Amino acid sequence: MWYWTAEYLYAQQQYKRAAEYGEKALPLLKDKAEESDCLNLLAVIFIRLTDYKLAAIYAKKCYALDEKSGDPDMMSSSLNSLAAIYMSANQPKEAEKYILMGLEAAAKADNPSRRAVLLGMASEVYHALGDDKKSLSYAEQSYDLEMKLGHEDKAMLRLSQKASALIGLHDYKQAEEVLKNAIPAFRKMADYHSLAIADNKMGMALLCQKREPEAIPYYREAAHILQEMGDMANEMHSRRGLYESLWNTYPDSAKIELDRFNDLKDSLYTNASAESLARYSAEFDNEWLQKENLAERSAKRRIFLAGLGIVCALLILVAMVWWVMSRRHKRQRIINEELTANINELREKYRQLSEEYGKSMAGLQNKEQEEKLTPADQEFLDKSVNIINMMIHKGQVDAESVAREMGLSLYQFRQRLTNITGEKPQDFITMLRMKRAQHLLDNHPELNITEIAVLCAYNDTPNFTRAFKKYFGMTPSQYLAQQKDK
């Protein structure tokens with residue numbers, strides 16, 4: 001389930017959380033095929049997170065397992081990941097070796113979907129090598145294959161790759177037309193990572209046509225998305241594009257983008273990363289010299305058994321999820337009715353709680369903040385509390401999401417909330433979560449600590465226990481024992 005969670009979070013482009021679940025799952029997977037899948041997923045995740053050293057480690061382990069299995073389809077997948085790592089680390093010549101080997105393995109496997117992916121990667125490799133005619137050819141082959149397979153969403157990725165080749169061939173107008181089809185499709189699919197990369201390409205196509213003002217919004221959208229995702233490599237291209245687009249009209253803003261570009265560049269390309277990738281390259285070269293091509297092995301029986309197992313597991317999972325969610329929803333409804341009845345009391349007590357908590361934070365509050373709130377401030381505070389409680393109910397809450405729901409930037413929300421309460425947003429959210437936990441401990445003896453943690457939007461009991469002890473000075477179990485004595 002942790003591995004499936006990692007896959008789901010990766011699909012949602014929540015790469016850091018996906019990595020956490022993938023690494024938790026890895027040591028528990030005993031089946032070699034499943035272990036290989038998890039290693040490959042982790043390699044791809046760390047490419048997205050621009051940790052190429054760790055990505056190379058996982059990709060190497062993945063390929064070693066796939067090679068032992070003799071499955072050309074799996075080998076082609078791990079070779080594609082290796083090519084992607086070296087492409088991300090700006091080493092296209094190294095990537096070329098692995099993508100060509102991957103295409104050979106995909107041809108043996110007779111898997112058109114895999115071949116389409118590898119052709120798309122080959123397009124990117126040859127674009128980076130400056131052979132854009134070959135890049136365009138691979139992109140068009142991949143696009144045609146995806147459309148033939150009915151994969152219109154993936155075909156949009158191939159259009160984006162085709163645009164790169166067209167830009168390399170200085171056919172900027174044609175690249176612009178191709179991207180006009182791809183960008184709305186990515187936005188409709190909510191594939192924000194691909195959208196940001198396509199935005200970067202559109203900005204470049206427009207910039208090369210001396211249409212700087214038109215390029216700016218594309219680069220801005222890309223920079224915002226990529227910064228949120230932590231994709232420093234592609235954000236670097238966005239910042240450079242913004243610098244070039246803004247220079248003639250807004251030089252001060254352009255300098256800010258240039259500073260951000262230089263910071264990203266320094267973070268990305270360190271000597272340590274280059275040395276570690278070179279070492280992995282040498283190890284792979286030695287292994288390839290010593291080994292012959294593996295014969296294709298039939299995997300029909302294993303695929304059938306694996307498919308049957310997956311179907312059974314999914315049916316069991318669906319039943320479990322339905323039961324857990326229906327039970328949790330019923331309990332949440334009852335508890336939230338009680339919490340709603342107590343919300344006014346909590347609001348009245350808030351000033352006293354804030355004062356006590358503020359003393360431990362070295363006097364964050366002052367006498368002016370102890371005065372009665374204005375109607376506007378009270379309305380802001382009430383709305384904040386309602387939104388935070390709603391998010392706790394859904395199981396996930398953070399300051400940035402609350403700010404978004406309030407229609408404010410994180411900076412605006414932090415300033416307003418701190419001016420009213422004297423507390424930072426995260427401290428305020430923690431206070432509400434802890435008061436919710438206290439209410440549940442006082443009024444629901446049938447709930448165990450783990451269930452209370454979940455109802456307070458904590459994914460695991462240890463984190464909840466640490467937060468509770470930090471806030472109340474005792475663990476939930478100690479709190480229950482104290483209340484029992486009273």
Side-chain angles (χ1 to χ4, degrees), residues 1-49 51-85 98 101-102 105-106 108-118 121 151 154 280 283-284 287 291 294-322 324 459-460:
M1 287 189 71
W2 278 340
Y3 171 68
W4 289 341
T5 302
E7 279 194 326
Y8 171 78
L9 291 168
Y10 173 77
Q12 298 300 310
Q13 302 178 354
Q14 298 182 39
Y15 301 130
K16 289 183 180 178
R17 293 187 66 207
E20 291 173 9
Y21 280 97
E23 290 182 323
K24 286 167 70 175
L26 185 60
L28 304 179
L29 295 169
K30 303 305 179 185
D31 181 85
K32 295 300 181 185
E34 292 174 350
E35 184 181 355
S36 171
D37 288 342
C38 190
L39 286 165
N40 187 63
L41 177 64
L42 284 166
V44 175
I45 288 170
F46 282 104
I47 292 171
R48 296 296 196 189
L49 292 172
D51 189 337
Y52 306 130
K53 179 179 178 180
L54 198 50
I57 290 172
Y58 284 123
K60 179 181 178 182
K61 290 179 179 179
C62 177
Y63 179 74
L65 286 178
D66 292 342
E67 189 180 32
K68 286 180 182 178
S69 76
D71 186 334
D73 188 41
M74 300 301 292
M75 289 167 61
S76 66
S77 174
S78 53
L79 285 165
N80 184 70
S81 296
L82 277 164
I85 291 168
Y98 299 116
M101 292 172 185
K108 290 180 181 179
D110 192 24
N111 183 341
S113 293
R114 185 81 71 198
R115 179 170 171 77
V117 172
L118 287 155
M121 178 59 72
H151 300 162
K154 294 181 180 178
Y280 284 112
E283 290 177 12
F284 275 110
E287 290 173 6
K291 298 176 182 177
L294 298 174
E296 182 179 358
R297 289 169 52 181
S298 172
K300 290 184 179 178
R301 182 171 179 274
R302 184 174 64 80
I303 291 171
F304 171 76
L305 292 174
L308 184 62
I310 289 171
V311 170
C312 293
L314 285 173
L315 289 173
I316 294 170
L317 178 64
V318 169
M320 288 174 60
V321 169
W322 177 85
V324 170
N459 292 328
D460 57 81

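If you're wondering where the values come from, they're calculated on a predicted model, not measured in any experiment. No hydrogens, no waters, no symmetry mates; every other heavy atom, side chains included, goes into these values.
- Shown here is K24, whose NZ atom has more than 12 heavy atoms of other residues, nucleotides or ligands within 6.0 Å.
- Taking CE of M74 as the reference point, atom CG of N40 lies at 7.0 Å (rounded to 0.5 Å).
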I would like to know whether S76 and L118 meet side-chain contact (heavy atoms from CB on, under 4.5 Å); could you show each step before the answer?
CA-CA 8 Å; S76 66; L118 287 155; 3.8 Å; yes
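- Results of the side-chain contact (heavy atoms from CB on, under 4.5 Å) test with L42 over D37, I57, L26 single out L26 as the only residue that passes.
- The two atoms that bring D73 and D71 nearest to each other are N-OD1, 2.9 Å, heavy atoms only.
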Considering only distance and modelled atom types, tabulate donor-acceptor pairs under 3.5 Å from the side chains of residues 15-23, sequence neighbours left out.
unit_1 : atom_1 : unit_2 : atom_2 : d
R17    : NH1    : Q14    : OE1    : 3.1
E23    : OE2    : Y58    : OH     : 2.9

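- The two residues Y52 and I85 come nearest to each other via the heavy atoms O-CG2, 4.0 Å.
- Distance check: M75 CE to M101 CE gives 10.0 Å after rounding to the nearest 0.5 Å.
- Going from atom CG of D31 over to atom SG of C38 covers 12.0 Å, rounded to the nearest 0.5 Å.
- Nearest heavy-atom pair across S78 and C62 is CB-SG, 3.6 Å.
- Rounding to the nearest 0.5 Å gives a distance of 7.0 Å between CG of L39 and NZ of K61.
- E7 pairs by the salt bridge (charged side-chain N to carboxylate O under 4.0 Å, His left out) definition with nothing, not counting sequence neighbours.
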Under the side-chain contact (heavy atoms from CB on, under 4.5 Å) criterion, do L28 and Y3 qualify, and how do the steps go?
CA-CA 10 Å; L28 304 179; Y3 171 68; over 6 Å; no
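- For L82 against A59, the heavy-atom pair with the smallest separation is CD2-CB, 3.7 Å.
- Of the inter-residue distances, the one linking R114 atom CZ with L79 atom CG reads 10.5 Å to the nearest 0.5 angstrom.
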Under the side-chain contact (heavy atoms from CB on, under 4.5 Å) criterion, do K32 and S69 qualify, and how do the steps go?
CA-CA 8 Å; K32 295 300 181 185; S69 76; over 6 Å; no
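- S81 OG to I47 CD1: the interatomic distance, rounded to the nearest 0.5 Å, is 5.5 Å.
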